[in-house]
*Asks:* 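Okay, here's the structure, questions in a sec.
Throughout, a chain's letter reflects where its sequence line sits, starting with A, and its residues are numbered from 1.
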There are 4 protein chains.
Amino acid sequence: MASNKHEEIAQAAIRLFEKKGYHATSVQDIADEVGLQKGSLYHYISSKEDLLMQITHQAINGFNRNLEKIMNLQLPVREKFILAFESHLNSLTSNMSMAIVLLREAFSLGEHQHSVIQQATDQYLDLWCRILDEGLASGEFHHTNSRLTALSILGSLNWVYRWYDSNKRLSPNELAREFANIFLRGIERR
Amino acid sequence: MASNKHEEIAQAAIRLFEKKGYHATSVQDIADEVGLQKGSLYHYISSKEDLLMQITHQAINGFNRNLEKIMNLQLPVREKFILAFESHLNSLTSNMSMAIVLLREAFSLGEHQHSVIQQATDQYLDLWCRILDEGLASGEFHHTNSRLTALSILGSLNWVYRWYDSNKRLSPNELAREFANIFLRGIERR
Amino acid sequence: MASNKHEEIAQAAIRLFEKKGYHATSVQDIADEVGLQKGSLYHYISSKEDLLMQITHQAINGFNRNLEKIMNLQLPVREKFILAFESHLNSLTSNMSMAIVLLREAFSLGEHQHSVIQQATDQYLDLWCRILDEGLASGEFHHTNSRLTALSILGSLNWVYRWYDSNKRLSPNELAREFANIFLRGIERR
Amino acid sequence: MASNKHEEIAQAAIRLFEKKGYHATSVQDIADEVGLQKGSLYHYISSKEDLLMQITHQAINGFNRNLEKIMNLQLPVREKFILAFESHLNSLTSNMSMAIVLLREAFSLGEHQHSVIQQATDQYLDLWCRILDEGLASGEFHHTNSRLTALSILGSLNWVYRWYDSNKRLSPNELAREFANIFLRGIERR
DNA sequence: TATGAATGAGTCTTCATTCAT
DNA sequence: GATGAATGAAGACTCATTCAT
């Protein structure tokens, strides 16, 4: 379990990376935010990049864990499908900054680290494909290229951070249902 | 009209910004790519940020122009809708690097410049909303929150740069039709 | 008398200073090697430089003590001369790392500390001069500038750490006799 | 041919590396010495280590070149031998600072770079061995382990930087002859 | 138009040392 | 004795930009 300070630093980094971007955030900025000297940070992190890695890793893992839980439920595909939308948007909006860092800044990781995140992201895509394939197998969904459909869905959902305004009327769950409906109509057998 | 050299520089910048990201690309990198000295670049550009601005501006303008052309056609909404998908994906894939810079790096612009791009992006969203509203008015599409639907669509389409592989079987137009179908089924009246 | 821990730390420092050099060795490195925390080291040492001082001091003292013992023997100069070579190379090779730290890193000491070492080193040179002068007085050695000769000898002997390989065929005593022979022939009266 | 500024920087570095040591000399120190900003130095050097590399490389090359010239002369071995001593001490004392950097600081180079210098140093040793072998072949020198003898000689000569005071009565050539005599008597056939 | 020298602020990171617990 | 958090100065190096030639 990470020390309080470490968590505090991570949270500060998330805030700053979201607001200014990874590259535009200096280690000094983070230190200031936490009230430590630049050098002192290095008791808790090994490098700025490693900090980004931890954040993005934690973020993608959250998405994966939540979707896996849903996959394991004994429910009609249709309901799983809707829950998946809800899960994604709840993960996204409940810690929007972290999600933004994942979606926008992971690219700044070094090749190796980036590939680790990429792999976890691919896993997430697979989970979505599995839902679609289940629906196909059960006859509830008509035939589609499930990977393409999943990518379409994920695009819609991930784009949300670019425009979602949490003070607005739409709750994450409401939005999830709106989006789910569009896609459900698009793929359900009539 | 931009001199040849200026265009050459812009192209080099696009390539590099796409490959390494805006911040990770140095002015030196660009100069090397063009075969000029760092200092000489400044005869053609006023700043690195300005270069990014020009690229993103040109990119978003391309998207807007192409979609406007389609809007002005005298065609059934359904066909306009499909053409819009094709237009977007052709713009995107025909100059993927530029589109990537737009979608991924515009955020690195200063506040003011960024807001200019944002405005053009909002315009683009409006065009999509207009298509959906047209369909609603003509009775072809059933009632939806058109802005939400447009955002869903744009999310799907813009996400494409994250996974699209031009060497793969799917042409931009094929992909456009696949995506259009999903959304058409989602919003067309039965 | 130094505690065990203190000795352990000194030994670790010797190893590390020899391998990486004084400047390139961090206090952290030493702490790691001993299995202590950085902060804990300071119960045993007062500073990194002081550690170096102790090591070099101990080293040069060893050389001096051993040579003094030989000087006090009642033996023909010729034999003392040879014993001196043996003494030097035994001191050097029996704790090569320490000798290397003395010969290579003493320069990193602050001015004052360095001068203390320098003084002890000068003493060592004097002992060698005395041997040569004894030989001259007894008529065994022909006339030379004894200081110059001593410096020549010490150069030969101290250079040994740069190339001596303890796994090689040559034992320190064998090497001592080889070197002693060269110089004996060089200075002995025919 | 190196620009003036580059040479100026190298000279400043030599002075500083000699006086304070490589590690204790900061890039700032060098910049100050040359009257440039820290950053400006990097127009001329690629790194501090590279600067050290250049200096040591140039130094060892000087030693090698001079000794090679002597090797190619048509002279009795005895005279070559003496010339070699003179050559070494002239190289050493004519640019003492540079020689000191070579002898004392080359160890601070990274493994790869250090091995390059080491190789050139080994070559230099070989040249000395060849002189001794020539003397052996011609019957002028009696049988010795030439490598050991060469190492003994080089030790004597390289140690000189530790005590030689140029304001003192002894010129490099005089010193060379003193040293050469010691070793000549040590190895010449009677 | 093109150069390349120069800047100076800024980057991340390291490190010897101190000190409250 | 031992810890480990904290410091603060210093480290090498990068970079966008300017400008005299």
*Asks:* Which residues in residues 12-27 of chain B have at least one heavy atom lying under 4.0 Å from any atom of DNA chain F?
*Replies:*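 Heavy-atom contacts with DNA chain F come from B/Thr25, B/Ser26, B/Val27.
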*Asks:* Among all residues two or more places apart in sequence or in another chain, which pass the side chain to side chain contact (heavy atoms under 4.5 Å, CB included) test with B/Asn61?
*Replies:* B/His57, B/Arg65
*Asks:* Please list, in numerical order, the residues of residues 36-57 of chain C that have a heavy atom closer than 4.0 Å to any atom of DNA chain E.
*Replies:* C/Lys38, C/Gly39, C/Tyr42, C/Ser47, C/Lys48
*Asks:* Contact boundaries of DNA chain F with chain D (under 4.0 Å, heavy atoms), 5' to 3'?
*Replies:*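 The contact span of chain D on DNA chain F goes from F/dG11 to F/dT14.
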*Asks:* Could you tell me which residues satisfy side chain to side chain contact (heavy atoms under 4.5 Å, CB included) with A/Ser40, sequence neighbours excluded, listed by chain and number?
*Replies:*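 Here the qualifying residues are A/Leu36, A/Gln37.
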*Asks:* Short question: side chain of D/Thr25, backbone of D/Leu16 - any donor-acceptor pair under 3.5 Å?
*Replies:*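 Indeed, once roles are kept as given, a pair shorter than 3.5 Å links the two residues.
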*Asks:* Hey, does B/Ile55 have a side-chain heavy atom less than 4.5 Å from the side chain of B/Leu102?
*Replies:* no
*Asks:* Rounded off to whole Å, could you give me the CG-to-P distance for the D/Asp32 and E/dG8 pair?
*Replies:* 13 Å
*Asks:* Using the ring-ring contact (aromatic ring centres under 6.0 Å, His included) criterion, which residues pair with B/Phe63? Sequence neighbours excluded.
*Replies:*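 Once residues adjacent in sequence are excluded, the partners of B/Phe63 under the ring-ring contact (aromatic ring centres under 6.0 Å, His included) criterion are B/His88, B/Tyr124.
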*Asks:* Kindly write out the residues that satisfy side chain to side chain contact (heavy atoms under 4.5 Å, CB included) with B/Phe107, not counting sequence neighbours, or none if the list is empty.
*Replies:* A/Arg104, A/Glu105
*Asks:* Mind grabbing the angle between the end helix axes of the helix from E/dA2-F/dT21 to E/dT21-F/dA2? Five pairs an end, 10° rounding.
*Replies:* 10°
*Asks:* So which pairs with a foot in residues 19-46 of chain A pass salt bridge (Lys or Arg N to Asp or Glu O under 4.0 Å), sequence neighbours left out?
*Replies:* A/Arg15-A/Glu33, A/Lys20-A/Asp29
*Asks:* Holding to side chain to side chain contact (heavy atoms under 4.5 Å, CB included), I want the full list of residues that pass it with B/Ser47, two or more places apart in sequence or in another chain.
*Replies:*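 By the side chain to side chain contact (heavy atoms under 4.5 Å, CB included) rule, B/Ser47 matches B/Glu49, B/Asp50.
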*Asks:* Will you find, in the side chains of B/Glu7 and B/Gln11, an N or O donor that is under 3.5 Å from an N or O acceptor?
*Replies:* yes
*Asks:* Enumerate the residue pairs fulfilling ring pair (Phe, Tyr, Trp, His ring centres under 6.0 Å) with a member in residues 29-49 of chain C, sequence neighbours excluded, ordered by first and then second residue.
*Replies:* none
*Asks:* Just jot down the side chain to side chain donor-acceptor pair (under 3.5 Å) partners of D/Ser97, sequence neighbours excluded, or say none.
*Replies:*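 Once residues adjacent in sequence are excluded, the partners of D/Ser97 under the side chain to side chain donor-acceptor pair (under 3.5 Å) criterion are D/Glu18.
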*Asks:* Does a sphere of radius 6.0 Å around CD in A/Gln28 hold more than 12 heavy atoms from other residues, nucleotides or ligands, not counting ones at 6.0 Å or beyond?
*Replies:* yes
